[in-house]
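Please read these numbers as outputs of a predicted model, since none were measured by experiment. Note that the numbering runs from 1 along the sequence shown for the chain.
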Amino acid sequence: VHQLFSIFTIMAKAKKPKHVAVAGNIGAGKTTLTEMLSKHYRWIPQFEDVDHNPYLMDFYDDMTRWSFNLQIYFLHGRLNQILEIQRGTETVIQDRTIYEDANIFAPNLHEMGLMSKRDFDNYFEFFSTIKTMVQPPDLLIYLKASVPTLVSQIQKRGREYEENIRLDYLKKLNEYYNKWVEGYKEGPLLIIDCDKNKFGENEEDLGEIISKVDGMLYGLF
């Protein structure tokens, strides 16, 4: 029995994840799920620092002028987070990934005419270089939500700078998200349908996510 226990311990340690990431559109519930899973698994949470972002208010006032600055700021912050995760020994759960900035937000800004081709090309080439230097997450959890669900959740949290987000902006982001997730090949992926799963309000729904995460990260057989 002791020998069997040792084998399981070794397997569990070998399978210990280092980096779990939560992806999803504005208002999908990334921060809420990150908090809940970090509490359940005793993982270290890493959040996007929206309160101290020096560009966010300016960006929502004048997107064309500040889009490149904002995206570079996000990219730098996310790279720092990943390097910290790779240097550490604990499991970290990250609220939003480095991939989303480059595959969703920047291309969307460029397509909407809010970021010039020169700035977008410069940004994307910089991201492509960074991507070769970092490891992908051990598990990516994608929170998929329709625009009405996103709007309802954005209104509930009442952040001042989000009051002027346009519906067409959220819709375009959703299209980019779904396209990115369909082509995601970096590692294991778990998709949660947030129109049906209300993990923020319902313990059973959260339990369903936890059992899926258990299976994907710790399934021994």
About how many Å separate [atom2] of [Y] and [atom1] of [X], when rounded to the nearest 0.5 Å?
| X | Y | atom1 | atom2 | answer |
| --- | --- | --- | --- | --- |
| Leu170 | Asn108 | CG | CG | 10.0 Å |
| Asp101 | Leu70 | CG | CG | 8.5 Å |
| Asp62 | Met57 | CG | CE | 13.5 Å |
| Cys194 | Ile209 | SG | CD1 | 7.0 Å |
| Phe105 | Leu109 | CZ | CG | 8.5 Å |
| Glu90 | Glu84 | CD | CD | 12.5 Å |

Carboxylate-amine/guanidinium contact Glu175 Lys179, below 4.0 Å: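 Not counted as a salt bridge, because no side-chain N and carboxylate O are separated by less than 4.0 Å.
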Once salt bridge (Lys or Arg N to Asp or Glu O under 4.0 Å) is applied, do any residues pair with [X], and if so which ones, sequence neighbours excluded?
| X | result |
| --- | --- |
| Asp138 | none |
| Asp193 | Lys196 |
| Glu201 | Lys156 |
| Asp168 | Arg166 |

Does anything in residues 117-138 pair up under ring-ring contact (aromatic ring centres under 6.0 Å, His included), and if so which pairs, sequence neighbours excluded?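 Listed by first then second residue: His110-Phe120, Phe120-Phe124, Phe124-Phe127.
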Report the residues that fulfil side chain to side chain contact (heavy atoms under 4.5 Å, CB included) with [X], sequence neighbours left out, ordered by chain and then residue number.
| X | answer |
| --- | --- |
| Gln81 | Gln46, Arg78, Gln94 |
| Glu186 | Tyr99, Lys131, Pro136, Tyr184 |
| Asn80 | His76 |

Shortest non-hydrogen contact between [X] and [Y], atoms and distance:
| X | Y | answer |
| --- | --- | --- |
| Asp205 | Lys198 | OD2-N, 2.7 Å |
| Ile26 | Arg96 | N-NH2, 4.0 Å |
| Asp119 | Met115 | CB-CG, 3.8 Å |
| Gln153 | Gly29 | NE2-N, 3.9 Å |
| Leu190 | Lys212 | CD1-CD, 3.8 Å |
| Asp58 | Trp66 | O-CD1, 3.4 Å |

Do any N or O atoms from the side chain of Tyr177 and from the backbone of Gly24 form a donor-acceptor pair under 3.5 angstrom?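 Indeed, once roles are kept as given, a pair shorter than 3.5 Å links the two residues.
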Anything under 3.5 Å between a donor and an acceptor, one on a side chain of residues 38-45, the other on a protein residue two or more places apart or in another chain? List them.
residue : atom : partner : partner atom : Å
Ser38   : OG   : Thr34   : O            : 3.2
Ser38   : OG   : Glu35   : O            : 3.0
Tyr41   : OH   : Ile210  : O            : 3.1
Tyr41   : OH   : Asp214  : OD1          : 2.8

Between [Y] and [X], is there a side-chain heavy-atom distance shorter than 4.5 Å?
| X | Y | answer |
| --- | --- | --- |
| Leu206 | Glu203 | no |
| Phe199 | Glu208 | no |
| His19 | Val92 | no |
| Leu167 | Lys171 | no |
| Thr31 | Val22 | no |
| Phe74 | Asn53 | yes |
| Pro17 | Tyr218 | yes |
| Leu79 | Ile130 | yes |

Contacts of Gln71 meeting side chain to side chain donor-acceptor pair (under 3.5 Å) (sequence neighbours excluded), chain-then-number -> none
Name all residues meeting the side chain to side chain donor-acceptor pair (under 3.5 Å) criterion together with Glu111; count only those two or more places apart in sequence or in a different chain, and write none if there are none. Lys172, Tyr176
Kindly indicate, with the supporting measurements, whether the criterion side chain to side chain contact (heavy atoms under 4.5 Å, CB included) is fulfilled by Met112 and Tyr169. CA-CA 9 Å; Met112 289 174 82; Tyr169 181 61; 3.7 Å; yes
Side chain to side chain contact (heavy atoms under 4.5 Å, CB included) assessment of Val20 paired with Ile93: CA-CA 5 Å; Val20 176; Ile93 181 162; 4.1 Å; yes
Is there a path of hydrophobic side-chain contacts, each under 4.5 Å between heavy atoms of I/L/V/M/F/W/Y residues, joining Phe47 to Leu33? no
Single-linkage hydrophobic cluster, 4.5 Å side-chain cutoff, Ile85 and Val134 together: no
Can you give each donor-acceptor pair under 3.5 Å made by side-chain atoms of residues 141-152, sequence neighbours left out, with the distance rounded to 0.1 Å?
residue : atom : partner : partner atom : Å
Tyr142  : OH   : Asn178  : OD1          : 3.1
Ser146  : OG   : Thr149  : OG1          : 3.4
Ser146  : OG   : Asp195  : OD1          : 3.1
Ser146  : OG   : Asp195  : OD2          : 3.2
Thr149  : OG1  : Asp195  : OD1          : 2.7

Please evaluate residues Trp180 and Glu100 with respect to the criterion side chain to side chain contact (heavy atoms under 4.5 Å, CB included), reporting the C-alpha separation (whole Å), side-chain torsions for both, the decisive distance (0.1 Å), and the verdict. CA-CA 8 Å; Trp180 168 62; Glu100 288 161 86; 4.0 Å; yes
